[in-house]
Amino acid sequence: MRPGYTLLPLQWVSRLLPWSEYIDSPLQNTTLGDPFFAFYPRRQFFTEAVQAGDLPFWNPHMLGGYPAVGDTNAQTFYPFNWLAALYLSPARSFSILAWFHLSLTGLLMFGMLRSHRLRSSSSLLGAISWMLSGILVVWLEHPHRLSSFAWLPGLFWAFHIGNRRRKPAFSVLAGLTMALMILGGQPQYAAIGGGLLSVYAVTSSLEKDKGVWNWDRWPLASLGITAAIGVGLGAVQLLPTYEFTLQSHREPRSMDFWLWSALPLRHLSTFWLPNLFGSAEVSKYPYWGKLNYVEYTFYFGVFSCLLSMLAPALNRKNKIAWLWSGTLVLTALVAVGSPLAHLARLVPGMTYFSLHRMMSHTPFLGSWLAAVGFDALAKRQDFRHAPWLVASTCVLILGSGIVLYACRLEVRHHWDGITPELLRQAGLLAVGLVGALLIVKRHPVGSVLILLVVTTDLFLWGRTFNPVSSLDLLYPDNQVTDWLKQDEGVFRVLPLQNDERVFGENVLSVFHIGTPDGYLALTLRHHKELMYAIAPYFDEEARRFEGPHINSIVARSFKPQHGVLNVKYVLSSLPLPASQLRRSCVCQGVHVYENLGVLPRAYVVHQAELLSRDATLDRLGSPDWDFRETVLLPESCAVEQIEALGGGGTDEATQVNIDEYRPNRVRLTVSLQQAGFLVLADPYCLGWQASINGQPVDIIRANHALRAISLEPGHHHIEFAFLPRSVILGLVVAAVTVIFALIVMVSPRCRLGSSRGRRPAKGARR
């Protein structure tokens with residue numbers, strides 16, 4: 001929070017050309033690359049667009065241009081992002097919003113637990129366990145995850161208060177928190193939270209009176225109001241996400257791939273041994289488990305874990321204790337790929353996500369259970385709970401021993417790093433057990449000691465994951481971008497990732513330089529196919545998963561066909577023996593080449609070929625294709641448009657001028673003497689509309705992934721505008737939802753109480 005610093009892993013600049021030659025700043029967390037390569041560049045675009053009066057719907061700098069409005073991680077409609085964009089710089093907003101959400105979720109968790117009549121000390125323990133849990137602290141620099149998780153306790157708090165007071169206004173408030181979870185950037189977490197709320201509502205509606213179970217209709221009615229308002233307000237993001245996901249690279253995963261993403265069974269031990277398989281902190285020891293450490297973090301304190309195990313044993317009549325304990329067990333069984341995972345796959349949309357992310361909500365449920373267990377421990381103050389305490393401790397010790405034995409070869413190799421971890425957790429458990437003994441003795445120090453153990457444990461464990469960097473490392477000025485900015489034209493740059501990484505994905509967008517490659521959660525499918533048809537990409541990951549990284553487009557070689565994408569300059573760490581390239585300079589270890597065969601951002605051709613999808617992709621990679629003379633169109637294109645062409649390739653008398661080029665609007669003036677196709681070297685995407693002299697026209701998908709329109713001879717004013725219908729429909733749905741919410745709040749109190757008759761008041765006449 002201090003001035004001159006930001007919560008970003010900016011030490012990455014020391015591993016990238018052109019900075020690696022003069023910046024020496026070791027990485028603190030090697031797995032924390034997304035904030036540097038994706039989240040900050042996206043946040044900077046959002047901030048600059050809002051401050052310039054543009055809607056941050058279409059980002060023209062990354063991936064040749066992509067629909068940011070459909071990327072949930074971009075948080076396009078999250079209200080706190082808009083507020084921060086108006087008053088804060090992108091770097092400052094990263095830090096301030098992170099601490100705001102972390103503090104907010106702790107306060108909401110405390111209030112939610114207090115509303116369940118838990119003691120202040122118990123509620124504080126649950127709030128600390130959740131606020132400092134691995135799922136929040138390790139992902140503190142992932143703003144879309146933190147923004148969604150932060151509102152989860154508020155959802156349950158508002159819902160519970162509404163059920164207790166029978167006031168629909170609190171159901172509306174719960175719906176608002178659900179909408180904020182959706183708009184926060186991770187609708188999948190909002191969906192899981194909604195599923196947990198549904199289970200909670202059904203459980204709350206069951207009441208037992210004199211041995212007979214009855215339904216209380218209010219929790220279910222409240223759930224309906226909450227879901228309607230949450231989804232209705234969230235429709236402004238959900239509908240564009242659905243529209244553009246259909247155009248993206250994402251698709252349901254096969255069963256084999258889905259099961260491959262399961263959590264290794266041995267990783268369940270990280271509930272109480274978080275660093276057993278390594279740490280993301282470089283100064284410790286390298287990670288030696290499956291994939292990367294960040295994805296599998298659900299630690300919420302070793303003694304909190306012990307208390308959560310005690311909750312159902314010490315609260316045998318508490319429905320919440322048994323409900324969340326059972327949910328945790330079922331979640332773990334699904335996440336590790338048991339036969340239950342096959343049933344979970346039947347849930348719509350489930351296969352779009354990794355199995356191990358099913359564990360993302362376990363710290364929330366575990367912290368809730370820890371508070372319940374601690375509250376029961378403090379209330380009983382006798383030795384009847386001692387057997388359960390000893391048994392739970394033995395389970396943790398036995399589980400640790402089984403995992404250590406099963407992984408004995410790796411354990412032997414990493415023993416020097418594992419020993420301090422085991423001693424640390426054993427010491428924390430021992431001190432916590434001393435605190436529990438003091439509670440039995442009715443000593444007030446016991447509760448304080450347990451709170452200190454949980455706080456110290458989580459603070460010392462999580463404090464090193466998120467580096468705080470000096471703003472001097474915020475993508476420093478360099479000779480390469482200074483040289484490129486001397487060219488005032490409209491062009492793209494292709495950084496090749498060969499011997500050394502040059503800038504890396506998306507980094508050039510920070511300098512307002514567009515590239516056809518990038519790394520984002522939403523990649524347009526046709527653009528990705530075009531890029532890899534021109535220059536196929538193969539590496540170890542490609543051979544393993546039959547394709548490159550699912551969220552990435554990376555170029556390792558230059559081909560002349562890149563000119564069709566308006567690639568004017570090529571950057572490389574190595575000399576390139578390409579005849580069509582002219583080396584312009586060598587700046588700080590980066591070879592800058594000018595592409596002599598580049599096509600302008602907008603141009604006109606007078607020849608076209610109608611091809612199928614597969615034939616088009618083959619033609620794109622063929623050196624025989626003269627992309628300067630001929631455009632490739634889909635077979636669905638109208639034949640009369642092709643017959644109207646004059647032929648003869650390009651026409652020197654044709655003039656194309658770009659009058660305005662903004663994120664959501666492109667205006668051009670075109671003069672031509674014979675019919676042709678205007679090709680705009682930007683990705684084809686539904687949501688763009690085109691007009692010629694004010695009259696709407698259809699946009700044709702050209703060269704498999706670009707935009708084109710058919711033109712007749714003459715002088716034309718052409719405009720491309722991006723305003724997806726899904727956004728308009730989402731705003732309409734959100735407006736209707738607001739009206740519905742107001743009606744619910746001002747209407748007379750709904751009589752949706754228990755289905756059984758009301759009992760007469762004590763002493764009343766029958």
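Please read all numbers here as calculations on a predicted model, not as lab measurements.
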| said: I need the Leu113 CG to Ser122 OG distance, nearest 0.5 Å. | reply: 8.5 Å
| Are the side chain of Ser338 and the backbone N or O of Leu333 linked by a donor-acceptor pair below 3.5 Å? | yes
| field | Spatial distance of atom CG (Asn506) from atom OG1 (Thr515) [nearest 0.5 Å] | value | 6.5 Å
| Between Leu238 and Pro187, which heavy-atom pair has the shortest distance, and what is it? | CD2-CB, 4.0 Å
| said: Could you check whether atom CZ of Arg725 has more than 12 heavy atoms from other residues, nucleotides or ligands sitting under 6.0 Å from it? | reply: no
| field | Backbone N/O of Asn163 and side chain of Arg166: donor-acceptor pair under 3.5 Å | value | yes
| task | Compare all side-chain heavy atoms of Phe740 with those of Ile229 and state whether any distance is below 4.5 angstrom. | result | yes
| message | Can you tell me how the ring of Trp139 sits relative to the ring of His142, calling it parallel under 30°, perpendicular over 60° and tilted otherwise? | response | parallel
| said: Quick check: Phe149 with His361 (ring centres under 6.0 Å apart)? | reply: yes
| Hey, are the side chains of Val138 and Trp461 touching, using non-hydrogen atoms and a 4.5 Å cut-off? | yes
| task | Would you indicate whether the side-chain heavy atoms of Tyr242 and Ser726 approach each other to under 4.5 Å? | result | no
| query | Does some side-chain heavy atom of His160 sit less than 4.5 Å from a side-chain heavy atom of Met112? | reply | no
| task | Could you check if a side-chain atom of Pro683 sits within less than 4.5 angstrom of a side-chain atom of Tyr66, using non-hydrogen atoms only? | result | no
| query | Given Phe77, which of Leu183, Thr72, Leu233 fulfils the side-chain contact (heavy atoms from CB on, under 4.5 Å) condition? | reply | Leu183
| said: Quick check for you: to the nearest 0.5 Å, what is the distance between Phe46 atom CZ and Leu55 atom CG? | reply: 10.0 Å
| task | Verify, without hydrogens or angle tests, whether Ser304 (side chain) and Ser367 (backbone) share a donor-acceptor contact under 3.5 angstrom. | result | no
| message | Looking at Ser308 and Ala370, would you say the former's side chain and the latter's main chain have a donor-acceptor pair under 3.5 Å? | response | no
| Can you find a side-chain donor-acceptor pair between Gln186 and Ser148 that sits under 3.5 Å? | no
| field | Shortest non-hydrogen contact from Ser147 toward Gly184 | value | CB-O, 3.5 Å
| task | Look at the side chain of Asp682 and the backbone N and O of Arg707, then say whether any donor-acceptor pair between them is shorter than 3.5 Å. | result | no
| When you measure from the side chain of His527 to the backbone N and O of Leu63, does any donor-acceptor pair fall under 3.5 Å? | yes
| query | Looking at Gly70 and Leu522, what are the two nearest heavy atoms and their distance? | reply | C-CD2, 3.7 Å
| So, do Met359 and His267 sit near enough that their side-chain heavy atoms are less than 4.5 Å apart? | no
| query | Any side-chain heavy atom of Phe465 within less than 4.5 Å of one from Glu141? | reply | no
| query | If you measure from CG on Leu155 to CG on Leu197, what distance do you get to the nearest 0.5 Å? | reply | 5.0 Å
| message | Taking Phe45's backbone N and O only, do any of them form a donor-acceptor pair with Asn59's side chain (distance below 3.5 Å, no angle check)? | response | no
| request: Please tell me if the side chains of Val554 and Asp517 come closer than 4.5 Å, counting only heavy atoms from C-beta onward. | output: no
| Any donor and acceptor pair, going by atom type alone, linking the side chain of Thr76 with main-chain N or O of Ala68 inside 3.5 Å? | yes
| field | Geometric class of the Trp151/His101 ring pair [parallel <30°, tilted 30-60°, perpendicular >60°] | value | perpendicular
| request: Quick one: closest heavy-atom pair of Leu686 and Glu243, and the distance? | output: CB-OE2, 4.1 Å
| task | Check the pair Arg43 / Leu97 against side-chain contact (heavy atoms from CB on, under 4.5 Å), numbers first and verdict last. | result | CA-CA 12 Å; Arg43 177 64 59 85; Leu97 287 179; 3.8 Å; yes
| message | Let's go through Cys305 and Phe300 carefully: what are the C-alpha distance in whole Å and the side-chain angles of both, what is the deciding distance for side-chain contact (heavy atoms from CB on, under 4.5 Å) to 0.1 Å, and is it a yes or a no? | response | CA-CA 7 Å; Cys305 180; Phe300 59 98; 4.3 Å; yes
| query | Which atoms form the tightest heavy-atom contact between Cys685 and Phe244, and what is the distance? | reply | SG-CE2, 3.4 Å
| Is Ser248 reaching over with its side chain to a backbone N or O of Thr245, donor-acceptor style, under 3.5 angstrom? | yes
| note | Taken to the nearest 0.5 Å, the spacing of Arg357 CZ from Ile135 CD1 works out to 9.0 Å
| field | Side-chain donor-acceptor pair present, Asp34, Tyr519, cut-off under 3.5 Å | value | yes
| request: Would you please test Asn466 and Asn29 for side-chain contact (heavy atoms from CB on, under 4.5 Å) and show each step? | output: CA-CA 7 Å; Asn466 297 282; Asn29 188 335; 6.0 Å; no
| note | Smallest heavy-atom separation, Gly185 atom then His144 atom, equals CA-CB, 3.8 Å
| query | How far apart are the C-alpha atoms of Ile699 and Phe720, what are their side-chain angles, what is the distance that settles it, and do they pass the side-chain contact (heavy atoms from CB on, under 4.5 Å) test? | reply | CA-CA 9 Å; Ile699 299 177; Phe720 292 88; 3.9 Å; yes
| message | Nearest 0.5 angstrom please: Met109 CE to Phe156 CZ, how far? | response | 9.5 Å
| query | Relative to the ring of Phe94, is the ring of Tyr40 parallel (under 30°), tilted (30 to 60°) or perpendicular (over 60°)? | reply | tilted
| Flag, side chain of Ser133 to backbone of Trp130, donor-acceptor distance under 3.5 Å | yes
